[in-house]
Amino acid sequence: MNNKHWTLGFLLASALASVSAGTSSAFPLQPLADKPGPIAIKGHRGKVFYVPSTLATIKWGYLPNAADVPVLTVPSGTTVIFDTLSHEGLLEDQGSNPAQYFASKGVQAHQVLKDAIAITQSDLPHDFVKDGPHIITGPVAVDGAAPGDVLKVDIVSVVPRVAYGVISNRHGKGALPGEFPEGPKPEPDASALSPAKFHNVSVFTPIRRNRQGKWEAVMTNRQGETITFPTSPFMGVMGVAAATDQPVHSVPPGVYGGNIDVKDLGAGTTIYLPVFVPGANFYTGDPHMVQANGEVALTALEHSMRATFRFTLLKKGDRRIPAATGSLKKPLGEAPHYWIAIGLNPDLDEAMKDAVREAIRFLSEVMGMDRAVAYAYLSAATDFNVSQVVDRTKGIHALIRKSDFRRVKSSLKP
């Protein structure tokens with residue numbers, strides 16, 4: 001991302017979020033408008049668009065597909081701000097009443113997001129058992145995008161909208177299903193009217209500024225002593241519409257992206273997404289304040305975010321696409337110091353194989369390495385991380401150090 005985009009990221013993080021003052025007094029970041037459209041950013045001359053999370057711009061539990069009409073269409077090069085909502089505090093096992101749920105945690109009424117209240121008070125259907133939990137905002141189409149192209153998505157900024165989040169463990173889910181939660185099983189009549197009967201565990205987790213001015217999350221032990229840990233916001237769901245008119249569940253990720261939960265794809269990074277439908281139809285959701293690799297309990301620190309992206313359409317054959325074929329078959333990430341190869345499969349062993357194959361492909365096609373040498377290099381020099389094991393389709397991602405290739409002329413056009 002160039003300096004212009006970093007400057008815009010700073011402006012957005014300050015002018016829109018106003019969370020750089022060292023306190024949480026600027027919270028909450030309530031919606032900026034009630035419908036998608038252009039928005040003025042103080043100190044920035046370029047055109048920026050905004051997409052709120054409303055009944056007209058979200059899907060709850062499912063991802064946009066080929067049949068969905070975009071909520072906004074923009075040209076390549078456009079910056080778009082999304083207000084996104086965490087599902088935590090909104091789900092049935094928490095009462096489907098965010099004002100009431102967060103009040104029980106000591107949150108004042110004016111600190112609850114208006115869009116969260118509007119969605120849960122509506123008649124929008126959501127089945128806790130059948131549907132995915134995620135509130136997905138979008139899609140946004142990019143002019144001229146066609147199947148075979150690649151959508152380059154620069155993640156400009158991801159900033160918290162509130163000073164609190166939630167980490168949940170639910171029966172039958174997580175890395176230790178059947179062992180956690182360590183309590184009674186859900187009762188047959190559990191519902192939003194009787195949320196305690198689900199017997200799930202949700203840990204309310206506030207954030208605060210530390211002495212260095214960085215956000216940290218706060219927990220306590222049984223003695224009331226404080227435990228803090230650093231945060232690193234990112235969007236768990238980023239993707240494009242799948243080439244189907246059938247419902248696409250929001251939980252398992254796929255070749256279209258979706259719920260990939262790669263914590264290394266925060267502000268200042270890029271994701272390359274293959275295009276499957278006209279317009280590409282980008283969407284986002286599942287915002288996180290922080291996540292560890294694995295995401296073992298089930299959720300990360302789920303936390304409503306204001307996320308800003310810059311879209312660049314790379315037509316098939318564009319030399320900026322990180323592939324010899326001029327297109328991609330699956331998402332690929334790029335961070336300042338790493339290329340990020342992503343493997344996905346319901347079987348963790350197969351997800352690892354998928355990540356290794358994708359890393360070899362990249363090193364061979366883009367960095368000019370013999371495939372056998374690339375395989376050896378990965379074994380000696382590249383960390384493969386378990387992105388998550390809780391989303392049905394499990395994820396592994398490889399962090400390929402850019403510095404190792406500083407003397408190599410890659411096939412990518414600058």
Within a strict 4.5 Å, meaning less than it, do heavy atoms of the [X] and [Y] side chains meet?
X: Pro287; Y: Met235; result: yes
X: Gln111; Y: Pro28; result: yes
X: Thr269; Y: Phe234; result: no
X: Val251; Y: Pro133; result: yes
X: Tyr377; Y: Ile400; result: yes
X: Ser304; Y: Pro160; result: no
X: Ile321; Y: Tyr272; result: no
X: His288; Y: Glu302; result: yes

Does any donor atom in the side chain of Ser168 or Thr299 lie under 3.5 Å from an acceptor atom in the other side chain? no
For [X], is the [atom1] atom crowded, meaning more than 12 foreign heavy atoms sit under 6.0 Å from it?
X: Lys316; atom1: NZ; result: no
X: Lys105; atom1: NZ; result: yes
X: Tyr62; atom1: OH; result: yes

Positive for side chain to side chain contact (heavy atoms under 4.5 Å, CB included) with Ile396, one of Asp354, Asn385, Leu348: Leu348
Can you tell me how the ring of His126 sits relative to the ring of Trp60, calling it parallel under 30°, perpendicular over 60° and tilted otherwise? parallel
Shortest non-hydrogen contact between Val129 and Asp127, atoms and distance: N-OD1, 2.9 Å
Taking every non-hydrogen atom, the tightest pair across Gly77 and Arg310: O-NH1, 2.6 Å
So Phe384 and His397, ring pair (Phe, Tyr, Trp, His ring centres under 6.0 Å) or not? Walk me through it. CA-CA 6 Å; Phe384 286 77; His397 65 279; 9.3 Å; no
Show, in sequence, the C-alpha distance, side-chain angles and deciding distance for Phe311 and Phe282, and conclude whether the ring pair (Phe, Tyr, Trp, His ring centres under 6.0 Å) test is met. CA-CA 9 Å; Phe311 301 128; Phe282 176 87; 5.0 Å; yes
